[in-house]
Amino acid sequence: VYYDNSNKRSAFYFSQAKKYADSLGNNELIAMVAIRQGTYHHTYRQTIEAMPYFLNAATLMQQASLKNMPLANLHIQYLASFYAYLDMPKEANDFLIDALPYARPQTREKINTLTMLGLNHFNLQDLKQAKSYYNRAYDDAVNRKDSVWIGITNGYLANIAAAENKPYEA
């Protein structure tokens with residue numbers, strides 16, 4: 001894996017974005033900047049540096065309105081992915097469930113959110129709920145004629161069948 005690093009120019013632009021968001025006092029914008037900066041650090045495997053940004057964003061999300069956040073579902077996916085990475089699937093799912101209504105219907109974005117919910121429930125050993133989310137994602141993928149997501153969701157459904165000791169279904 002190629003390892004890059006964060007850089008001073010990006011840090012400067014993130015600080016400018018934070019100053020601007022703070023000056024507006026807009027919790028949605030402040031949370032978005034924190035999520036993006038956390039994701040930036042997490043991408044470069046700087047988990048410790050990413051942590052305060054995601055924690056701040058999670059706190060801000062309690063006061064923010066997702067309906068006023070541009071690309072709310074996408075930003076929440078970033079936040080949820082970090083929590084899932086920290087092996088906190090329940091917390092990740094709490095964010096994703098809140099964001100799901102803001103995902104555009106039958107889009108890869110929504111399919112990805114449903115799949116993330118399924119995966120987190122699978123990790124929580126809640127196979128029934130995981131299967132439900134995977135089936136919803138599969139149905140959306142079929143309606144979109146999206147062969148990539150059909151294959152991915154079929155694989156996850158096979159994992160459920162294997163976990164339920166149904167090798168012929170798997």
Side-chain angles (χ1 to χ4, degrees), residues 1-2 17 26-45 50 53-54 57-170:
V1 173
Y2 177 73
N26 181 307
N27 286 332
E28 294 81 11
L29 187 56
I30 296 167
M32 284 173 50
V33 170
I35 290 168
R36 289 292 183 144
Q37 192 162 9
T39 300
Y40 172 75
H41 285 291
H42 184 57
T43 298
Y44 292 116
R45 297 170 188 80
Y53 297 106
F54 285 116
T59 301
L60 286 166
M61 293 310 299
Q62 295 171 359
Q63 305 156 15
S65 170
L66 289 179
K67 70 179 180 182
N68 296 328
M69 179 183 280
L71 302 173
N73 189 63
L74 177 67
H75 287 93
I76 299 307
Q77 281 182 7
Y78 292 148
L79 185 59
S81 291
F82 185 74
Y83 276 84
Y85 173 80
L86 296 177
D87 199 25
M88 299 173 73
K90 185 196 176 312
E91 291 78 0
N93 275 354
D94 291 343
F95 289 117
L96 290 169
I97 288 167
D98 289 344
L100 192 56
Y102 300 96
R104 292 169 295 143
Q106 293 183 1
T107 60
R108 283 186 160 198
E109 170 191 345
K110 183 167 185 182
I111 295 167
N112 188 40
T113 302
L114 291 167
T115 303
M116 289 172 73
L117 282 160
L119 184 58
N120 289 331
H121 279 286
F122 184 83
N123 290 336
L124 289 167
Q125 303 300 311
D126 184 355
L127 300 182
K128 182 179 178 184
Q129 196 65 34
K131 188 174 186 176
S132 171
Y133 282 115
Y134 290 150
N135 278 324
R136 287 175 60 189
Y138 175 80
D139 290 344
D140 278 4
V142 168
N143 288 333
R144 278 182 51 85
K145 297 180 175 83
D146 189 330
S147 60
V148 171
W149 275 107
I150 290 170
I152 291 169
T153 53
N154 265 326
Y156 283 128
L157 287 165
N159 289 342
I160 297 280
E164 293 175 335
N165 202 22
K166 297 177 182 174
Y168 294 107
E169 260 185 59

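Since this is a predicted model, take the numbers as computed values, not measurements. For the numbers below, each heavy atom of this structure counts, side chains included, while hydrogens, waters and symmetry mates do not. For the single chain, residues carry numbers from 1 onward in sequence order.
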For the residue pair [X] and [Y], establish whether any side-chain heavy-atom pair is separated by less than 4.5 Å.
{"X": "Trp149", "Y": "Arg144", "answer": "no"}
{"X": "Lys110", "Y": "Leu114", "answer": "yes"}
{"X": "Asn154", "Y": "Tyr134", "answer": "no"}
{"X": "Arg136", "Y": "Leu100", "answer": "yes"}

Which pair of heavy atoms, one from [X] and one from [Y], lies closest together, and at what distance?
{"X": "Ala99", "Y": "Asn73", "result": "O-OD1, 3.4 Å"}
{"X": "Gly38", "Y": "Ala50", "result": "O-CB, 3.3 Å"}
{"X": "Thr115", "Y": "Ala137", "result": "OG1-CB, 3.6 Å"}
{"X": "Leu96", "Y": "Met116", "result": "CD1-CB, 3.7 Å"}
{"X": "Ala92", "Y": "Asn120", "result": "CB-ND2, 3.5 Å"}
{"X": "Ala170", "Y": "Ala161", "result": "N-CB, 3.6 Å"}

Of all pairs that satisfy salt bridge (charged side-chain N to carboxylate O under 4.0 Å, His left out), the ones with a partner from residues 78-91, not counting sequence neighbours: Lys90-Asp94

Got a second to check how far [X]'s [atom1] is from [Y]'s [atom2], nearest 0.5 Å?
{"X": "Glu164", "Y": "Glu169", "atom1": "CD", "atom2": "CD", "result": "7.0 Å"}
{"X": "Ile30", "Y": "Met32", "atom1": "CD1", "atom2": "CE", "result": "11.5 Å"}
{"X": "Tyr133", "Y": "Ile111", "atom1": "OH", "atom2": "CD1", "result": "15.5 Å"}
{"X": "Asn135", "Y": "Asp140", "atom1": "CG", "atom2": "CG", "result": "11.5 Å"}
{"X": "Ile76", "Y": "Met61", "atom1": "CD1", "atom2": "CE", "result": "3.5 Å"}
{"X": "Met69", "Y": "Ile35", "atom1": "CE", "atom2": "CD1", "result": "5.0 Å"}

Checking the side chain of Glu28 only, and the main-chain atoms of Pro70 only, is there a donor and an acceptor separated by less than 3.5 Å? no

Keeping His75 on the side-chain end and Leu71 on the backbone end, is there a donor-acceptor pair under 3.5 Å? yes

Tyr40: which residues meet the ring pair (Phe, Tyr, Trp, His ring centres under 6.0 Å) condition with it, sequence neighbours left out? Phe14, Tyr44

Can you list every pair that meets side-chain hydrogen bond (donor to acceptor under 3.5 Å, both in side chains) and has a residue in residues 99-108, with sequence neighbours left out? Arg104-Glu109, Arg108-Asp146

Start with the C-alpha gap between Gln77 and Thr113, add the side-chain angles, then the distance that decides, and say whether side-chain hydrogen bond (donor to acceptor under 3.5 Å, both in side chains) holds. CA-CA 7 Å; Gln77 281 182 7; Thr113 302; 2.6 Å; yes

I would like to know whether Tyr78 and Arg36 meet side chain to side chain contact (heavy atoms under 4.5 Å, CB included); could you show each step before the answer? CA-CA 8 Å; Tyr78 292 148; Arg36 289 292 183 144; 3.9 Å; yes

Mind telling me whether His41 and Tyr53 have parallel, tilted or perpendicular rings, with 30° and 60° as the class edges? parallel

Are more than 12 heavy atoms from other residues, nucleotides or ligands located less than 6.0 Å from atom OH of Tyr83? yes

Run Ile160 and Phe122 through side chain to side chain contact (heavy atoms under 4.5 Å, CB included) and show every step you take. CA-CA 8 Å; Ile160 297 280; Phe122 184 83; 3.6 Å; yes

